[in-house]
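Small disclaimer: the values here were computed from a predicted structure and weren't measured.
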Amino acid sequence: MRLELKSPAKINLFLHVTGKRSDGYHTLHSFMCRIGLYDTIAISFGGPGIEMICDHPQVPADVTNLVHRAASLFFDWYEKKRGGHPEGLCITLNKKIPVGAGLGGGSSNAASILQGLNQHYHHPFSTEVLCEMGLSLGADVPFFIYNRPAIAAGIGEILSPAPSLQPFSVLLVDPDVFVSTALVYKNLNLGLTNLKKENKNLPFKMRNFDPKKHLWNDLEAVTCAMVPDILRIKRLLMEHGAQGSLMSGSGSAVFGIFSDLEGAMAAKESLLGYNERWQLHAVNALV
C-alpha cells in the first residue's frame, strides 16, 4: 500500500518575541498561516524498519531527519498503546519548500507523517495527542497538525483561532541563504525588542487582520544584518504591488501579500531574472 501526503509551508504574518524561559526557549505571540507551497511525501508500507529517501542534497535522509524521527515516535507510541509494532515503511520526501528559510518545512513534514500514519492505522490517537507528540519534535509541529490559521503562544504550542482572514495570495521570494534559527535568537536583543513593541497594538487583538498595518517580525532586523538581500526583496515586492511585505519566521524567505494570485503572478514575472539565486513562488494562502 502507498500513502501520498502534501506538506504545506507556512508564513508568519506577525511574530512578537515576548520572553525567554529558563530552559533557553523563547516565548512568542505569532500569527501563522499555511500557504500553497508543498513538499510531497510518499509512504510505502512493508519490510523491516524505517527507510527514508530525499531528493534534496542539504536534507539528511537518516535518523536525524524530522520525518524519520516522527515515524519512529509514532511507532513507539503505537506500540505502547496497542501492544504491537506496525510493519516497516519506506518514506520518500520530495522537497519544494526552501530549506532554512523560516517556512516550517521540516515541522510540516513531521506533522504530515504523524497525521498520515494516524489515518493509516485508523486513528489510534486524538488530535491533542498528536500535538503532544509533535511538540516533542519541534515547536511549530502542533501548528501544522492544527491545520488552519492560528495564533501561537508559549513556545508555539498554545494555539487559538486566528482573526478573520480574507482570501489572499503571496509572492514568496527565497534568497537561497540558509539561516540558523538558533543563531538568530541568540543575537536577538530581547530588551530592545520589547521596548519597541510595548505600545504597539497586536493583531491578535484585532477582529480583522490588515497587512498594511499589522505585519511585523521581531526577528527581521537580526536576520537582515546577516542577509542584506531581505531588505532589497521587501522593497521590490512593495514596488511591484504588494499590500505589505515581511520576512517569515527567522528567515531568510520574504513574502509579499497580494489580493489575488493574478497580482502575485504579475509581480513574479517582473522579478524573474533579477537575481539568479532567488527562488520565486506565487501561491494562495490557505485561509
Do [X] and [Y] have side chains that get closer than 4.5 Å, going by heavy atoms?
X: Q115; Y: I145; value: yes
X: I257; Y: L13; value: yes
X: L237; Y: K234; value: no
X: L280; Y: Y274; value: no
X: Q166; Y: S259; value: no
X: F75; Y: L89; value: yes
X: I233; Y: N275; value: no
X: C90; Y: I53; value: yes

Practice prompt. Kindly assign one of parallel, tilted or perpendicular to the pair Y121 and Y78, based on the angle between their ring planes and the thresholds 30° and 60°.
Written response: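 The rings of Y121 and Y78 sit tilted, inter-plane angle from 30° to 60°.
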Discussion item. Using 30° and 60° as the class boundaries, would you call the ring planes of H16 and F14 parallel, tilted or perpendicular?
Written reply: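 Answer is perpendicular, since the angle exceeds 60°.
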Short question: side chain of [X], backbone of [Y] - any donor-acceptor pair under 3.5 Å?
X: E87; Y: F45; result: no
X: H214; Y: D210; result: yes
X: D174; Y: S252; result: no

Practice prompt. Check side-chain hydrogen bond (donor to acceptor under 3.5 Å, both in side chains) between R69 and all other residues, then give those that pass, not counting sequence neighbours.
Written response: none
Item to complete: Can you sort out the partners of N147 under side-chain hydrogen bond (donor to acceptor under 3.5 Å, both in side chains), two or more places apart, ordered by chain and number?
Response: R34
Locate the shortest heavy-atom distance separating [X] from [Y]; write the atom from each residue and the value.
X: S169; Y: A264; value: CB-CB, 4.3 Å
X: H240; Y: A267; value: O-CB, 3.7 Å
X: S30; Y: N12; value: OG-ND2, 2.7 Å

Same cluster or not: [X] versus [Y], using hydrophobic residues (I, L, V, M, F, W, Y) connected whenever any side-chain heavy atoms lie under 4.5 Å apart?
X: F31; Y: L159; result: no
X: W216; Y: M32; result: no
X: V287; Y: L246; result: yes
X: L5; Y: M133; result: yes
X: V283; Y: F255; result: yes

Item to complete: Quick one: do V63 and S72 satisfy side-chain contact (heavy atoms from CB on, under 4.5 Å)? Show the steps, please.
Response: CA-CA 9 Å; V63 295; S72 296; over 6 Å; no
Worksheet item: Got a sec, which pairs hit ring pair (Phe, Tyr, Trp, His ring centres under 6.0 Å) with one end in residues 125-146, sequence neighbours left out?
Response: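 Matches after skipping sequence neighbours: F74-F125.
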Could you pull out all donor-acceptor pairs under 3.5 Å where a side-chain atom in residues 91-108 meets a protein atom, sequence neighbours excluded?
{"residue": "K95", "atom": "NZ", "partner": "D39", "partner atom": "OD2", "Å": "2.6"}
{"residue": "K95", "atom": "NZ", "partner": "N109", "partner atom": "OD1", "Å": "3.4"}
{"residue": "S108", "atom": "OG", "partner": "S7", "partner atom": "OG", "Å": "2.7"}
{"residue": "S108", "atom": "OG", "partner": "P8", "partner atom": "O", "Å": "2.7"}

Discussion item. Distance check, rounded to the nearest 0.5 Å: E132 atom CD versus T127 atom OG1?
Written reply: 13.0 Å
Worksheet entry | Interatomic distance, L172 atom CG to I35 atom CD1 [nearest 0.5 angstrom] | 5.0 Å
Discussion item. Let's go through I155 and L135 carefully: what are the C-alpha distance in whole Å and the side-chain angles of both, what is the deciding distance for side-chain contact (heavy atoms from CB on, under 4.5 Å) to 0.1 Å, and is it a yes or a no?
Written reply: CA-CA 9 Å; I155 62 172; L135 183 60; 4.1 Å; yes
Item to complete: Report, as yes or no, whether the 6.0 Å neighbourhood of atom CD on Q279 holds more than 12 heavy atoms from other residues, nucleotides or ligands.
Response: yes
Worksheet entry | Steps toward side-chain contact (heavy atoms from CB on, under 4.5 Å) verdict (R235, S245) | CA-CA 8 Å; R235 175 178 57 80; S245 179; over 6 Å; no
Worksheet item: For D62, which residues count as a salt bridge (charged side-chain N to carboxylate O under 4.0 Å, His left out) partner, sequence neighbours excluded?
Response: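 Residues passing salt bridge (charged side-chain N to carboxylate O under 4.0 Å, His left out) with D62: none at all.
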Worksheet item: Does the side-chain contact (heavy atoms from CB on, under 4.5 Å) test come out yes or no for L236 and V173, once each step is laid out?
Response: CA-CA 10 Å; L236 286 168; V173 183; over 6 Å; no
Show every donor-acceptor pair shorter than 3.5 Å between a side-chain atom in residues 176-187 and any protein atom, with sequence neighbours excluded, or say none if there are none.
{"residue": "S180", "atom": "OG", "partner": "L183", "partner atom": "N", "Å": "3.2"}
{"residue": "T181", "atom": "OG1", "partner": "S250", "partner atom": "OG", "Å": "2.9"}
{"residue": "N187", "atom": "ND2", "partner": "L183", "partner atom": "O", "Å": "3.4"}

Item to complete: Decide, yes or no, whether a salt bridge links R21 with D23 under the criterion of side-chain N to carboxylate O below 4.0 Å.
Response: yes
